[in-house]
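Here the structure is laid out as structure tokens; the discussion comes afterwards.
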Protein chains: 2
Amino acid sequence: MNFSDDQTLFLHGDAYLRNVGVDNVIFGYHDKELKVLLQRPFVLEKWTVTGGYIRKTETIDEAAAHIAFSRTGLKNLFLQQFRAFGTPTRAVDKGFTPERIKEATGFELPANHWIFDYFVALGFYTLTEFSKVTPTKGAYDADCAWWPVSELPSLLFDHRQIILAALEALRLHMAHFPIGYELLEEKFTLPEIHSLYETILGRSLDDRNFAKKLIATGIVIKTKETRRIGAHRSPFLYRFDTVKYQQGLKTGVELVF
Amino acid sequence: MNFSDDQTLFLHGDAYLRNVGVDNVIFGYHDKELKVLLQRPFVLEKWTVTGGYIRKTETIDEAAAHIAFSRTGLKNLFLQQFRAFGTPTRAVDKGFTPERIKEATGFELPANHWIFDYFVALGFYTLTEFSKVTPTKGAYDADCAWWPVSELPSLLFDHRQIILAALEALRLHMAHFPIGYELLEEKFTLPEIHSLYETILGRSLDDRNFAKKLIATGIVIKTKETRRIGAHRSPFLYRFDTVKYQQGLKTGVELVF
DNA sequence: TGAATAGTGTCTTTAAGACAGTATATC
DNA sequence: GATATACTGTCTTAAAGACACTATTCA
């Protein structure tokens, strides 16, 4: 958790839960690249996962959605809780001190202010198409940007582990549930969804077996349209069968590769 | 979370994290029965999952282990985090009021005391052999007892959903990792471990295919001893290969039935 | 020798995985 | 017709699942 929220946290501290917050790993996919949205708060001067506090009036899922919205401007994103992180050293190692907050924001906080306590982070991840997103800094952030998961910058405390745990959870998740609705255009080609799976899984998948299994699930429907891709054969466009896709989100769809 | 902890919470409130606690679903197995350890706090007068607060000096896993120890007297139990629960209505529906606490404990707390806030519950589950356990009431509990998962009593707020979610997570977990070390004696028969799997999964498994797959994993070793079971053929005793078992906990062992 | 439980082998079906040749779009 | 990409079918191998008989213990 960081000062990522646009709320005037210092003035309305009572509006938030103490000792617990949300860290939301926002994954963005576009054109064979998987990225993570990171922010760099003034106070901490290191990159962090997007995070924030939980209002007393909202559920933890609403808090995660709220954080995702404040950084991406998008609503109704795919959100998934994966695990909680909590060790007493998180309080020390995250780098908050009254002095640094004073420097960065001008606020004077007592050393025993709850913001310096050990915080339990509820880890969520979010999926989006990153070309749709203009990363938006919070009031206390020096920067907010997409980073390739394969070349992460130096990260605060345990945030690298949080990202890696989120990626592992996502890879496990996509073996049992459909993904792609948030990551592809409404209509997409087989090579496009094939690349999506390869990129997130980080390995190549046999194209014939991939197409065979995907089509067997029935969650994609072939249209009669094609996409022009230059001096090559035009691939057919597919779309998701929304009924089967929603059902797959509930009951599961095996797509183990 | 409830008043389950033996600590004098009211006197040492500053020692604990606010707005976040642990709910630990303690599963007990014995002789083809799967049970859950529940407690009934004086204040709430309904059955609840075992739960407690997190000390500022301990990790969330340590807090869960600590809760399990205080109710079962056992250490080094298998502990698994599965998800967090957090909605503002948890505060209201869990049934804490200053009046009821006064009645039950004699302590007078202001209505705005943090204990009445919305709490995020970190859900864990624990596995143990219930014949080894003497359920131990906390200082604020009227009762603490094993309940069959198939006949749960009336439970506080969302605690039934928490138990069902824990069971679902356990069933998913056992398809990918070995279980049984905490639930069986050091040496056990094939029919015993077979019943264990059937009981937790809640359905019957073909005995021939079960034995075939289990032995193929190499995590069990057949001994030359047998168990006398009366007027029937004596089954052979098996034990876990501790090296392979530990390795299976890390890398996974497919035992999908 | 009858009753109850332990223990194991085979066959069928299905899924996974490896693999290569044809089709189409454009220049 | 050269090139780049789309698209699909078959064969092999492995795993899953259905199924039934023999072995042992003891009353």
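Convention: sequence-line order gives letters A, B, ...; per-chain numbering from 1. This structure is a prediction, so every number in the text was calculated from the model and none was measured. Values reported hereafter were calculated over all heavy atoms of this structure, with side chains retained and with hydrogens, waters and symmetry mates removed.
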Quick one: [X] [atom1] to [N] [atom2], roughly how many Å, whole number?
X	N	atom1	atom2	value
A:Leu214	D:dT8	CG	P	12 Å
B:Glu192	C:dA6	CD	C1'	12 Å
B:Arg233	C:dA6	CZ	P	9 Å
A:Glu254	D:dA16	CD	P	12 Å
A:Asn209	D:dT8	CG	P	14 Å
A:Glu225	D:dA6	CD	C1'	17 Å
B:Leu237	C:dG7	CG	C1'	14 Å
A:Ile229	C:dA23	CD1	C1'	13 Å

When you compare the side chains of A:Asn24 and A:Thr50, does any donor N or O come within less than 3.5 Å of an acceptor on the partner? no
Under 3.5 Å, is there a donor-acceptor pair between the A:Glu198 and A:His194 side chains? yes
Side chain of [X] (C-beta onward), nearest among [options]:
X	options	value
A:His232	D:dA4, C:dT5, C:dC19	D:dA4
B:Ala231	D:dC26, D:dC7, C:dG7	D:dC26
B:Lys212	D:dA18, D:dC7, C:dA6	D:dA18
B:Arg208	C:dA6, D:dC7, D:dC19	D:dC19

Looking across every strand, which nucleic acid part, if any, lies under 4.0 Å from B:Lys213 by heavy atom: base, sugar-phosphate, or nothing?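 Since only primed, P, OP1 and OP2 atoms lie under 4.0 Å of B:Lys213, the category is sugar-phosphate.
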Below 4.5 Å, heavy atoms only, C-beta onward: do A:Phe240 and A:Val220 meet side chain to side chain? yes
Could you check whether any side-chain N or O of B:Glu192 sits under 3.5 Å from a backbone N or O of B:Thr189, counting only pairs where one atom can act as donor and the other as acceptor? yes
Expected output: side-chain A:Thr199 to main-chain A:Leu34 donor-acceptor under 3.5 Å: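 Checked: no pair found.
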Upstream residue (5' side of DNA chain D) when B:Phe257 and B:Ser234 are each assigned their closest nucleotide: B:Phe257
State whether B:Lys222 places a side-chain N or O below 4.0 Å from either non-bridging phosphate oxygen (OP1 or OP2) of C:dA6.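 Checking C:dA6 against B:Lys222, no side-chain N or O comes under 4.0 Å of OP1 or OP2.
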Ignoring hydrogens and geometry beyond distance, is the side chain of A:Asp207 in donor-acceptor contact with the base of D:dA6 at under 3.5 Å? no
